[in-house]
Structures are given as structure tokens and as C-alpha cells.
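FYI, side chains are in, hydrogens and waters are out, and symmetry mates aren't considered; it's all heavy atoms of this structure. In this text, all values refer to a predicted model and were calculated from it rather than measured experimentally.
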Amino acid sequence: MNEPIFHYYGNKAGVEGADQIKQVIDDATRGSEYYKRQQEKRQQVLQKVNKMQMELDSYKNNEQKIKETKEIIQNKVKEFQINTDRIWAHFDMDMFYVACELLDKPELKDKPVAVGQTIVSTANYVARKFGVRSAMPGFVAKKLCPEIIFIPCHFEKYKSVSNIFMTILKKYDDNLESMGLDEANLDLTEYINNSQEDPAILCENIRKDILLATQLTASCGVGPNKMIAKLASEINKPNGLHVVEQSATAVLNFLEKLPIRKIPGIGNITEQILSGLNFNTCKDVRDRADELYVIFTPKTFEYIFYSCWGVARNYHVEFEDQHSISCQRTFSSISTQREFEDKVDYIAEKLAEEMQSEEKVGNHLTLIIKTSKFEIRSKSLQLNQYTNQAKQIAIYGKQLLKIMQLDEPIRLLGLKMSSLANEKQIQKQSISTYFKRQIDKSSGQENLVPSIKGSKSHQITEENDSFNKMSLQQQEQSKPDILSDDEASSISNQILSGVNSKSHQSQQQQQQYQQKQQAQPKSFRCPICNKEIDCKGNNTVLNKHIDRCITQQNVIVEQSDESNRNFSGSKIKVPSKIDSKAQKSFNFFKK
DNA sequence: GGGCGATGTTTTT
DNA sequence: TTCCAAAAAACATCGCCC
Ligand SMILES: Cc1cn([C@H]2C[C@H](O)[C@@H](COP(=O)(O)OP(=O)(O)OP(=O)(O)O)O2)c(=O)[nH]c1=O
Ligand SMILES: [Mg+2]
């Protein structure tokens, strides 16, 4: 009786299977607030598609423009090549959270299991046969698979397994990138150059290592760049390997019939838009790229275009410290001011706890709420000093609450701290904020009650400074003494005209999309870390870099790169070898 | 035409 | 009977102020 009513084998599914599942989901959810909100969003997407379609229609009537655009595209196609000099691997654990839980409960192995309570984080493959998926609400999962067993989430457990996993992989690429606990992207080029091993054999051996060390299976994909390797890892999941050979034709073939939704960075919404315009596979994009060129922003266009041609980043970017720490909770709706404030207090405490254990301080706070109708709103504010104290955060949080003018029930409240710096390592303020601070202070203006539309920035002066860990004086002292005023202004002068255009610039300066050999055109030398920063005349990149350089005192190299979606960073800090730094990294993973 | 800060959207695990 | 997470990041867009 442990059989699905109808089987669902992912995209290999019989149509009826998939349809029936959709039906069950729809029946179970229709009418809810959530459902209504989703419907609204869908409508908005449709509107957007309509607008784009109209733009396209007018484009189609302009032969001249078509000719021009197609020529631009053709040139682009001629310009790039699919670089196969490097070899990447993507490792991804199978049904990770559940797999970790099953370690402790092997007797459940053949039963449908999911981790999560209200929402399923992930489900094992038994449950997936019933249509159960990540991010699905629990009650729907139950409807699809009445016998499913839910196990609550034990994050710490997954972190420690992840540690083992990452430690193994680091032997093959010490700079590996990762977007989550259960996956890692490695550039194996150097390792393979040394060992001369066959990539497939190497990766199978690594998978065995992982299995031996964790008792869990991982899948792996191999290809000439990060994106291809990631896509490949899904092919023979679970517990499988797929290699895309190191040749342009292999890459092109591999991508040809791939639904664009699979391209990392193209999610639900973009898929809807694209499919609304009749783009469904990478081939569609290749064939009709000119159409995308006229309706998308340059950035989006380039990234879709190059992805579909298999052109993506094949070198590592420097590790970046975390930009933000946040804490949010969903609860049964509340609607009184008092309740809101209590929640802020609670969340502030949680956030402070987290920040302190990470030894971080921050000076930009954001309050996030979700209404009972699933609308999300946020208010944020630049603090006058760095903090990680619960009471301090709560005070600011409540100020934001006031500004928010809540007059309807909410189901979620969260706080996010950004502009982080290390608690220990002096709270050096960033160049940009430092200068602005100065202006603010010299004006002597104290905007006590920031009005929402009055000023664009909510300058809130803390009415209770005593909680602040670092005294104002300390903060004054910590101004960028590393930087003389002369140097500072010279940096400011270096800041060129921005490049943030909505229209495609004709500057065909063959952007060295991803792929290894990047010549550095417009770059500056950072006065702090003394490294070249390829900022492409984009001062945002430069500023950000200097910001980080000052606040952390870590050395960071920014590499900007138009063709790649930059969400690809390494979110997770991984224990490195056994040096002094390893200590800190482990610390990061600990609790 | 910027730049900048706040806010909202989209994606990923 | 009802029921849809949490954390982090990158982009896009808007309004204001030069
Ligand atoms: C997709 C997703 C994953 N996760 C967690 C649970 C997953 O076990 C973990 C890794 O995500 P995934 O690697 O996407 O999924 P998975 O490892 O569970 O399954 P697969 O065999 O297909 O790789 O991240 C969430 O919490 N929410 C999500 O929406
Ligand atoms: Mg996985």
C-alpha cells in the first residue's frame, strides 16, 4: 500500500502523472490567501509578457532594426569561443537533509520521508515518486503521499556532515565555491594537470571518498566551466556521474534541447516570461537571440545569451565575506502594535545572538514583514554606529516599525543586518559612509523623526546610546586612519562615469566574458590591499571593494564580469586545511 | 544625465 | 477545518538631489 496512486518520474513523467499531481496540488490549495497572491503575481507576469510582446511586434515591423540587431548578434556569436581549457566538477549530495536524517534512522530508508514541518525542505526519492518536492507545503505532500514521514530540521547535523564533505573536496581544489551545504564547484584543472588522472575516474573516486567518509551518496557533473558542470551533475542524479566532454560541440549538444529553466539563474518568473514569448529551449534562444536583445536589459540578455551558448565562468572569484545576517520567523497572524513590538524584541534577540556568535557587527538594519495576504514589505536604515546588541537592534527595529505604519495583520517578521564588519577587527567605517557621516555631523542636524517621504534616507539618531558596545569616541577614532585624505580624494577622483545603462552600448569591446584570459582594461589599484581591481569604470564595484577592504581587513579582489550572474559566490565558508585560518572557519561552521 | 539610498523582485539552497 | 520556510545574494526600479 506504499505505492503512489500515480507515478511521477520528473520530466520523464507520463503526462497524466504530472497532470494528476498538479490537480491534487491545485485542489488542496485553491482559495487560500497564498494562492490568491500567487494568482496575482501570475497576472502581473502575463501583463509584462504582453508588454514585451508588443515591443517585439513593433521590432518585427522594422526591417532595418532587425537587420542591425541580427548583425550585432552574429558578431557576438563570432566573438566568443567556448573555452575548454579548464575542467570543472560539481558535486552535490543526494536528498541531503533526508539523507543525513536517515543516517540515524536507517529503518526509514525505504519509506517516503521528508525533512521539514510546514514546508518540505527536501524529500527522499521514495517520496519524490509521489510528486513530493522541495519547497512544497507539508499538507500538500501529505495529500500526495499520505504515508510520508516528516522529520524536523536539524541544521547542525547537516552542517557537520557538510564539513566532512567539503574537507574531502578541498583536497582537490582548495578554492572551491559553494552555494549551499551540500554542493561544491571545483576547478580541477590544476589537480588534473598534476596527477594526469582521467577526470571521470578521478570523480568516481572522489564520490567513493565521500561515501566512505559520510555514508552518503553524492552526484557529480564534469564540464569545461562551472555552469556546465552543475548542469551535468543533475543528469545521473542520484548517485551518478555525468561528464560533458571538453569540446565545444559536446557542450553545444548538451545544451541544445535543454529547457532554459535549467540554466542557473533562470527561475520560475523568467521561465514564465520566456515561455510566454515562446522561448523554451537553449536552441530557441540561440536561434532568436535578436528578439531577446531588444526586450531585455543588456545584463539579462548577455547572461541568457551566453549561457545558452555554453559560455560561462571558468575561473574562481575571490571569496567574499558575508554581506548580511538575518533572522525571520513565521507565526500565526498578529495585528496589534504591542504584538509587533514584542516580535521585534524577540527577533532582535535572535539576530544579536547570531551576530555575536559570528563575531560580527553591522550598521545597516532592515525590517521585513509579510502580511497575512503574503505581501512582503521592508524598511531599512543606515545606523550611526556598528552594533550587534539585542537592545540596540530592537530600538532601531521599532523605529523602522513606526516608519512602516503597519495597519494590517502580519504573518512574518524579520530583521536583517548588513554592512557587516568583524567585531574584533576595529569598526573602520567605509569610505563612502565615512564621508557622508562627516557631512551629517558637521551639519549638526539631528533628524529625530524621519518622515517617510520627507527625506529619502531615514536618519535615525539613537535615543539610547548606552547599550552600544563601542562608544562613539571609539568609533570616531576608528575612522580610516589607514588612508590619508589625499589618498582618499584621489580615489574619489578615480571614480569614472558609471556603466549602468539600460540600452545596449555599442562598445563592442569584446567583453572577456568569463573564460580565463581576462585582460584588465580599466582597473585601479586599491590603496588598502594594493591589488588591481577590475572595475570596468564602474565605481560601484570599486567602492564596494574599498568598503570591504576597510571594514574587514581582509584582502579581496573584485572581478567584475558582465556575462555571468553574480549570485555564484561562495556563500559558505569551508574549513581550510589545518592552518591558523582553519580555526576561524570551523568556528563559522560550528553551531 | 548621473549618483545614491531605499524598496522591491528574483533566484538559489 | 485549515495549512505555503528561512537565509543570503544580485538586480531592477523609483524618487530625490544635484
Ligand atoms: C531546494 C531547497 C533545498 N533545501 C535544502 C534541503 C536540501 O537537502 C538541501 C540541498 O538542496 P538540493 O541539492 O537542491 O536538493 P537535495 O540535495 O535534497 O536533493 P537532490 O538529490 O536533488 O540534490 O538544501 C531547502 O531547505 N529548501 C529548498 O527549497
Ligand atoms: Mg543535493
Q: Output the single nucleotide from B:dT12, B:dT7, C:dA5 whose closest atom is nearest the side chain of A:K230.
A: B:dT12
Q: Just N and O in the side chain of A:K299: are any of them under 4.0 Å from OP1 or OP2 of C:dA10?
A: no
Q: What's the closest nucleotide to the A:R411 side chain, out of C:dC3, C:dA6, C:dA12?
A: C:dC3
Q: What nucleic acid atoms does A:K36 come within less than 4.0 Å of, heavy atoms only: base, sugar-phosphate, or nothing?
A: nothing
Q: Is any side-chain N or O of A:K379 closer than 4.0 Å to OP1 or OP2 of B:dT7?
A: yes
Q: Rounding to a whole Å, what distance do you find between A:F331:CZ and C:dC3:C1'?
A: 16 Å
Q: Do A:E183 and A:K230 meet the salt-bridge criterion of a basic N to acidic O distance under 4.0 Å?
A: yes
Q: Starting at the 5' end of DNA chain C and moving along, which residue's nearest nucleotide shows up first, A:S121 or A:S326?
A: A:S121
Q: Using whole Å, what does the distance between atom C1' of nucleotide C:dA12 and atom NZ of A:K48 come to?
A: 8 Å
Q: Please state how far atom CG in A:L383 lies from atom P in B:dG5, giving the value in whole angstrom units.
A: 15 Å
Q: Is the shortest side-chain N to carboxylate O distance from A:K360 to A:E354 below 4.0 Å?
A: no
Q: Does A:T297 make a side-chain N or O approach to OP1 or OP2 of C:dA12 shorter than 4.0 Å?
A: yes
Q: Got a salt bridge between A:K226 and A:E177, using NZ or NE/NH1/NH2 to carboxylate O under 4.0 Å?
A: yes
Q: Please classify the nucleic acid contact of A:C327 as base, sugar-phosphate, or nothing, using heavy-atom distances under 4.0 Å.
A: sugar-phosphate
Q: What contact category does A:L412 fall into here, base, sugar-phosphate, or nothing, at under 4.0 angstrom with non-hydrogen atoms?
A: sugar-phosphate
Q: Do the side chains of A:K398 and A:D345 get close enough for a salt bridge, i.e. N-O under 4.0 angstrom?
A: yes
Q: Determine whether A:F165 and A:M93 make a side-chain contact, defined as any pair of heavy atoms from C-beta on separated by less than 4.5 Å.
A: yes
Q: Taking the side chain of A:S380 as heavy atoms from C-beta outward, which of B:dA6, C:dA6, C:dC3 is closest to it?
A: B:dA6
Q: Kindly say whether A:N163 contributes a backbone atom to a donor-acceptor pair with the side chain of A:T167 at under 3.5 angstrom?
A: yes
Q: Taking for each residue the nucleotide of DNA chain B bearing the nearest heavy atom, is the 5' side occupied by A:Q44 or by A:D182?
A: A:Q44
Q: Just to be sure I understand the rule, does A:E183 reach a base, reach only the sugar-phosphate, or reach nothing, if contact means heavy atoms closer than 4.0 Å?
A: sugar-phosphate
Q: From CG of A:L413 over to C1' of C:dA7, roughly how many Å is that when rounded to an integer?
A: 15 Å
Q: Measure from the side-chain N and O atoms of A:S134 to the backbone N and O of A:S121, and report whether any donor-acceptor pair falls under 3.5 Å.
A: yes
Q: C:dA10, OP1 or OP2 - any side-chain N/O from A:H323 closer than 4.0 Å?
A: yes
Q: Return no unless some side-chain N or O of A:R261 is found under 4.0 Å from OP1 or OP2 of B:dT12.
A: yes
Q: If you assign each of A:H364 and A:N268 to its closest nucleotide in DNA chain B, which residue comes earlier from the 5' end?
A: A:H364
Q: Just checking A:S134: base, sugar-phosphate only, or nothing, at a heavy-atom cut-off of under 4.0 Å?
A: nothing
Q: Within the 4.0 Å heavy-atom criterion, would you say A:R37 contacts the bases, only the backbone, or no part of the nucleic acid?
A: nothing
Q: Of the listed nucleotides (C:dA5, C:dA8, C:dA12), which one gets closest to any side-chain atom of A:S324?
A: C:dA8
Q: Out of C:dT13, B:dT11, C:dA5, which nucleotide sits closest to the side chain of A:T330?
A: C:dA5
Q: Round to a whole Å and report the spacing from NZ of A:K370 to P of C:dC4.
A: 9 Å
Q: Over how many whole Å does the gap from A:M355 atom CE to C:dA7 atom P extend?
A: 14 Å
Q: Inspect the contact between A:R42 and A:E40 and indicate whether a charged nitrogen and a carboxylate oxygen are less than 4.0 angstrom apart.
A: no
Q: Looking for any heavy atom pair under 4.0 Å, which part of the strands does A:L351 touch: base, sugar-phosphate only, or nothing?
A: nothing
Q: C:dA12, B:dT11, C:dC3: which one has an atom nearest the side-chain heavy atoms of A:T270?
A: B:dT11
Q: Counting only side-chain heavy atoms from C-beta out, which of B:dT7, B:dT13, C:dC4 sits nearest to A:S378?
A: B:dT7
Q: With a 4.0 Å cutoff (strictly under), does any side-chain N or O of A:T300 reach OP1 or OP2 of C:dA12?
A: yes
Q: Measure CD1/A:I369 against C1'/B:dT7 and give the value in whole Å, please.
A: 13 Å
Q: Side chain of A:I119 only, heavy atoms from C-beta on: which candidate in C:dC4, B:dT10, C:dA7 is closest?
A: C:dC4
Q: C:dA7 P sits how many Å from A:Q322 CD, rounded?
A: 11 Å
Q: From C:dA7, B:dT10, B:dG8, pick the nucleotide closest to the side chain of A:R329?
A: C:dA7
Q: Can you tell me the base-pairing partner of C:dA5? Count Watson-Crick or G-U wobble geometry only, both distances below 3.5 Å, and say none if there is no partner.
A: none
Q: Counting only side-chain N and O atoms of A:Q382, is one of them less than 4.0 Å from OP1 or OP2 of B:dG5?
A: no
